[in-house]
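Read through the structure below, which is laid out as structure tokens, and then see the notes.
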Amino acid sequence: MTAIIRVLSAGSLRHAFPVIIDAFTAATGIRVSLLLGPAGLLRERIEAGEEFDLFASANMAHPRRLVEIGMAEQVICFARNRLCVVARANLGLTTKNFVDVLADPGVKIGTSTPGDDPGGDYAFEVFDRIETQHRGLGSALKRRAHQLVGGRNSQPAPGGTAALIRDREADLMMSYFSNARLLISETTLSLVEIPPLFAPKIEYGLALRRNASDQARLLMEFILGESGQTALREAGFTLP
């Protein structure tokens with residue numbers, strides 16, 4: 001049987017959406033296909049003609065763009081996340097010395113890719129916020145940042161954040177909490193909260209295709225309902 005509902009989803013939802021979709025299919029018998037990737041690149045694919053019924057983005061801007069050009073009919077914030085830092089444990093990074101450690105030119109800073117992936121946009125927003133308090137530093141951090149993942153030209157990173165730090169591609173990586181929480185047991189890594197003054201607001205947007213089917217609308221309601229929201233919370237997201 002071919003898939004009925006086509007979902008294009010931000011990669012950071014990989015620990016939540018498969019659970020939600022399995023529960024939805026078990027409850028309704030409706031099959032769903034799921035494509036995960038950087039939300040900016042997925043939006044480009046949709047604009048270029050990729051078929052979709054629901055688009056789940058790690059920001060609100062990409063799905064709103066689809067509404068603006070008439071490809072989607074509504075956007076709803078369905079989850080929130082936060083940005084944190086995964087660092088080498090022996091780097092000594094803390095929330096209190098966050099700016100001082102990042103200011104050290106010998107520290108390798110890893111991010112996702114701005115434009116292609118909202119994770120990179122959020123990381124650069126941190127640098128912009130630092131710039132307002134420490135003139136010149138935010139711009140320097142942008143220049144120093146290694147855009148290691150989430151881009152159209154990014155090299156595969158099978159081991160993810162942990163491998164990038166272990167292989168010294170970066171001393172620290174800006175990461176969504178929903179992903180970083182899974183690395184807490186790694187004794188060589190530390191998870192550090194970004195100071196509130198510099199932390200971006202992260203909202204996930206869900207866009208329904210224009211003239212979507214009743215089945216797609218049913219899945220959207222399921223994601224927004226108790227089962228979907230519980231799965232998101234258990235995957236490290238907070239609820240809108």
Side-chain angles (χ1 to χ4, degrees), residues 1-25 27-81 83 112-125 147 149-154 176 178 200-225 227-229 231-232 235 237-240:
M1 182 186 296
T2 57
I4 295 177
I5 306 174
R6 295 152 298 194
V7 177
L8 273 61
S9 167
S12 53
L13 289 160
R14 64 185 179 274
H15 300 297
F17 263 31
V19 175
I20 293 172
I21 287 170
D22 286 348
F24 174 78
T25 298
T28 65
I30 300 171
R31 297 189 62 181
V32 180
S33 68
L34 176 64
L35 175 63
L36 296 164
L41 299 183
L42 291 178
R43 191 213 76 229
E44 289 182 5
R45 290 175 61 164
I46 291 171
E47 290 191 36
E50 180 95 20
E51 293 187 349
F52 82 106
D53 295 295
L54 286 174
F55 171 46
S57 173
N59 68 6
M60 298 294 287
H62 291 313
R64 282 173 177 159
R65 163 68 180 168
L66 297 183
V67 172
E68 290 171 3
I69 63 177
M71 299 187 75
E73 63 181 47
Q74 67 178 123
V75 180
I76 295 175
C77 175
F78 68 98
R80 291 192 173 95
N81 210 338
L83 204 67
S112 191
T113 306
D116 293 349
D117 180 22
D121 297 325
Y122 291 129
F124 273 48
E125 183 180 340
Q147 299 172 26
V149 295
R152 66 195 72 230
N153 298 316
S154 297
Y176 292 122
S178 59
K201 180 180 180 181
I202 299 179
E203 294 184 323
Y204 280 58
L206 188 64
L208 183 68
R209 178 178 59 82
R210 187 179 179 187
N211 300 321
S213 66
D214 290 341
Q215 291 92 339
R217 295 176 193 278
L218 190 62
L219 176 56
M220 187 172 194
E221 292 173 5
F222 192 86
I223 294 168
L224 297 171
S227 295
Q229 295 290 289
L232 286 161
F237 295 85
T238 54
L239 307 185

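Computed from heavy atoms alone, side chains included, the values below leave out hydrogens, waters and symmetry copies. Sequence positions, counted from 1, serve as the residue numbers for this chain.
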*Evaluation steps, salt bridge (Lys or Arg N to Asp or Glu O under 4.0 Å), between Arg217 and Glu221*: CA-CA 6 Å; Arg217 295 176 193 278; Glu221 292 173 5; over 6 Å; no
Does some side-chain heavy atom of [Y] sit less than 4.5 Å from a side-chain heavy atom of [X]?
X: Thr113; Y: Ser154; answer: yes
X: Leu54; Y: Ile223; answer: yes
X: Arg45; Y: Leu35; answer: yes
X: Thr28; Y: Phe222; answer: no
X: Phe55; Y: Glu50; answer: no
X: Arg209; Y: Asp53; answer: yes
X: Arg152; Y: Pro38; answer: no
X: Phe52; Y: Leu42; answer: no

*Would Ser178 and His15 count as a side-chain contact (heavy atoms from CB on, under 4.5 Å) if you check the C-alpha gap in whole Å, the side-chain angles of each, and the deciding distance to 0.1 Å?*
CA-CA 8 Å; Ser178 59; His15 300 297; over 6 Å; no
Nearest 0.5 Å please: distance from the [atom1] atom of [X] over to the [atom2] atom of [Y].
X: Arg64; Y: Arg43; atom1: CZ; atom2: CZ; value: 14.0 Å
X: Asn81; Y: Asn59; atom1: CG; atom2: CG; value: 12.5 Å
X: Ile4; Y: Leu219; atom1: CD1; atom2: CG; value: 11.5 Å
X: Leu41; Y: Leu8; atom1: CG; atom2: CG; value: 11.5 Å
X: Ser57; Y: Arg65; atom1: OG; atom2: CZ; value: 13.5 Å
X: Tyr204; Y: Leu239; atom1: OH; atom2: CG; value: 13.0 Å

Under the 3.5 angstrom rule, does the side chain of [X] hit a backbone N or O of [Y] as a donor-acceptor pair?
X: Gln229; Y: Phe78; answer: yes
X: Asp121; Y: Gly115; answer: yes
X: Tyr122; Y: Ala58; answer: yes
X: Glu73; Y: Asn211; answer: yes
X: Ser9; Y: Leu36; answer: no

What heavy-atom pair brings [X] and [Y] nearest, and what distance separates the two atoms?
X: Ala72; Y: Ala207; result: CB-CB, 4.1 Å
X: Pro240; Y: Arg80; result: CA-NH1, 3.0 Å
X: Leu13; Y: Ala56; result: CD1-CB, 3.8 Å
X: Gly40; Y: His62; result: CA-NE2, 3.4 Å
X: Cys77; Y: Glu203; result: SG-CB, 3.8 Å
X: Ser12; Y: Phe237; result: O-CZ, 3.4 Å

*Run the side-chain contact (heavy atoms from CB on, under 4.5 Å) check on Glu47 and Leu66 step by step: do they pass?*
CA-CA 8 Å; Glu47 290 191 36; Leu66 297 183; 4.0 Å; yes
_Ile30 and Leu218: CA distance, side-chain angles, deciding distance, side-chain contact (heavy atoms from CB on, under 4.5 Å) verdict_ = CA-CA 10 Å; Ile30 300 171; Leu218 190 62; 4.0 Å; yes
*asked:* Evaluate Ile5 against Phe24 for side-chain contact (heavy atoms from CB on, under 4.5 Å), listing each step before the verdict.
replied: CA-CA 11 Å; Ile5 306 174; Phe24 174 78; 3.8 Å; yes
_Candidates Leu34, Leu232, Thr25, Val32 - the one meeting side-chain contact (heavy atoms from CB on, under 4.5 Å) with Ile20_ = Leu232
